[in-house]
Amino acid sequence: LYNPYFQTYSLYYTRTDTKMLARFAAGTLSRTRQSVSSTSWLLRRQFSTDADSHDDFKPKFAASGEPASVEEQIKQSITSDKVHVFMKGTPETPQCGFSRMACVVLQAYGVQFGATNVLADPAMREAIKQFTSWPTIPQVFVNGEFVGGCDILLGMHESGELEKLLAPVREAQGGPK
């Protein structure tokens with residue numbers, strides 16, 4: 001059957017056929033992009049400038065002239081949080097099973113923790129390994145001291161050491177005793 005709406009032939013056509021609609025939209029989009037040369041399309045784009053931007057969207061603070069070194073960023077992250085994890089991904093969306101397990105263990109103890117996604121910055125990923133002389137990710141810090149990775153965290157959990165280490169942190173954060 002010929003379908004004039006989609007300009008295609010189909011044996012099984014329904015108006016809610018999302019696959020066909022997606023193929024049609026993709027085909028139309030690619031034909032549109034082919035008909036417009038890439039340089040002329042870029043030249044027609046309008047970008048906002050500071051002059052025509054509203055005050056609410058302008059930066060409130062000027063960036064410091066010298067970016068902090070990666071080691072300084074690591075030290076700042078460790079000191080700003082009682083518990084900090086350098087992990088692959090984020091606590092909400094871990095990108096590694098070991099990073100996920102470290103987050104699950106810390107959440108089970110009811111402590112709030114900061115996290116740094118080492119996948120977002122390759123320099124950070126290598127620098128944290130050198131900083132701790134520990135070759136794997138995740139890396140957990142409690143009260144500014146390096147504890148270890150996921151395997152160490154699980155071992156401490158099984159032996160009861162992790163409860164002793166995290167109980168003061170949990171109480172300081174206002175969690176259950």
Side-chain angles (χ1 to χ4, degrees), residues 22 26 29-30 33 38-39 41-42 45-50 53-177:
L29 183 60
S30 66
R33 286 188 178 157
S38 60
T39 55
W41 179 72
L42 287 173
R45 292 181 66 187
Q46 299 292 320
F47 293 103
S48 177
T49 62
D50 284 341
S53 181
H54 190 273
D55 289 339
D56 290 343
F57 300 105
K58 291 182 181 177
K60 301 293 182 209
F61 304 101
S64 62
E66 187 80 20
S69 72
V70 177
E71 188 173 334
E72 290 172 6
Q73 291 174 10
I74 291 171
K75 288 178 182 177
Q76 197 275 331
S77 296
I78 293 168
T79 57
S80 66
D81 298 316
K82 291 280 188 185
V83 180
H84 196 88
V85 182
F86 289 88
M87 62 182 290
K88 294 178 182 177
T90 64
E92 297 80 24
T93 57
Q95 299 294 312
C96 164
F98 297 110
S99 294
R100 180 187 164 281
M101 184 56 70
C103 291
V104 167
V105 169
L106 292 172
Q107 290 166 350
Y109 279 91
V111 295
Q112 298 171 2
F113 59 93
T116 300
N117 181 4
V118 298
L119 295 178
D121 185 3
M124 177 71 75
R125 184 176 183 173
E126 292 305 314
I128 191 65
K129 291 177 184 179
Q130 292 174 356
F131 185 80
T132 58
S133 301
W134 192 262
T136 60
I137 303 291
Q139 296 188 8
V140 180
F141 290 81
V142 177
N143 292 323
E145 292 185 26
F146 177 60
V147 174
C150 179
D151 53 344
I152 304 297
L153 211 60
L154 289 174
M156 291 177 73
H157 166 70
E158 291 171 1
S159 69
E161 292 177 57
L162 193 57
E163 174 62 34
K164 294 174 189 172
L165 182 65
L166 294 178
V169 173
R170 185 175 53 243
E171 289 174 17
Q173 292 175 343
K177 295 181 181 180

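Position 1 is the first residue of the sequence; numbering continues from there.
The aromatic rings of Phe141 and Phe86 lie perpendicular to each other, with more than 60° between the two planes, well past the 30° mark.
In plain terms, the two heavy atoms of Met156 and Leu165 that are nearest each other are CE-CD2, 3.8 Å. What you find for Ser99 and Ile137 is that their closest heavy atoms are OG-CG2, 4.5 Å. Nearest heavy atom pair, residue Met87 against residue Ala115, reads SD-CB, 3.9 Å. The minimum heavy-atom distance linking Gly114 with Asp81 is given by the pair CA-OD2, 3.4 Å.
Around atom CZ of Phe131, more than 12 heavy atoms belonging to other residues, nucleotides or ligands sit under 6.0 Å away.
Contact check for Val83 versus Val147: no side-chain heavy atoms found under the 4.5 Å cut-off. Two residues are said to be in side-chain contact when any heavy atoms from C-beta on lie closer than 4.5 Å; Val142 and Lys82 fail this criterion.
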Could you walk me through whether Lys164 and Glu161 satisfy the side-chain contact (heavy atoms from CB on, under 4.5 Å) test, starting with their C-alpha distance in whole Å, then the side-chain angles of each, then the deciding distance to 0.1 Å, before giving a yes or no? CA-CA 5 Å; Lys164 294 174 189 172; Glu161 292 177 57; 5.6 Å; no

side-chain contact (heavy atoms from CB on, under 4.5 Å) for Met124 and Thr116? Distances and angles first, verdict last. CA-CA 9 Å; Met124 177 71 75; Thr116 300; 4.2 Å; yes

Before giving the answer on side-chain contact (heavy atoms from CB on, under 4.5 Å), spell out for Glu163 and Arg170 the whole-Å C-alpha distance, their side-chain angles and the decisive distance to 0.1 Å. CA-CA 10 Å; Glu163 174 62 34; Arg170 185 175 53 243; 2.7 Å; yes

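The CZ atom of Phe113 lies 5.5 Å from the CG atom of Leu106; values are rounded to the nearest 0.5 Å. In this structure, Thr136 OG1 and Lys88 NZ are separated by 8.5 Å, a value rounded to the nearest 0.5 Å. Atom CD in Gln95 sits 7.5 Å away from atom CG in Asn117 (nearest 0.5 Å). Going from atom SG of Cys96 over to atom CZ of Arg100 covers 11.0 Å, rounded to the nearest 0.5 Å. Note that the OG1 atom of Thr90 and the CG atom of Leu119 stand 10.0 Å from one another [nearest 0.5 Å].
With sequence neighbours left out, Glu71 forms a salt bridge (charged side-chain N to carboxylate O under 4.0 Å, His left out) with Lys75. With sequence neighbours left out, Ala123 forms a side-chain contact (heavy atoms from CB on, under 4.5 Å) with Val70, Asp121.
Counting only residues at least two apart or in different chains, ring pair (Phe, Tyr, Trp, His ring centres under 6.0 Å) contacts with residues 149-168 comprise Tyr109-His157.
Between the Gln139 side chain and the Trp134 main chain, a donor and an acceptor come within less than 3.5 Å of each other.
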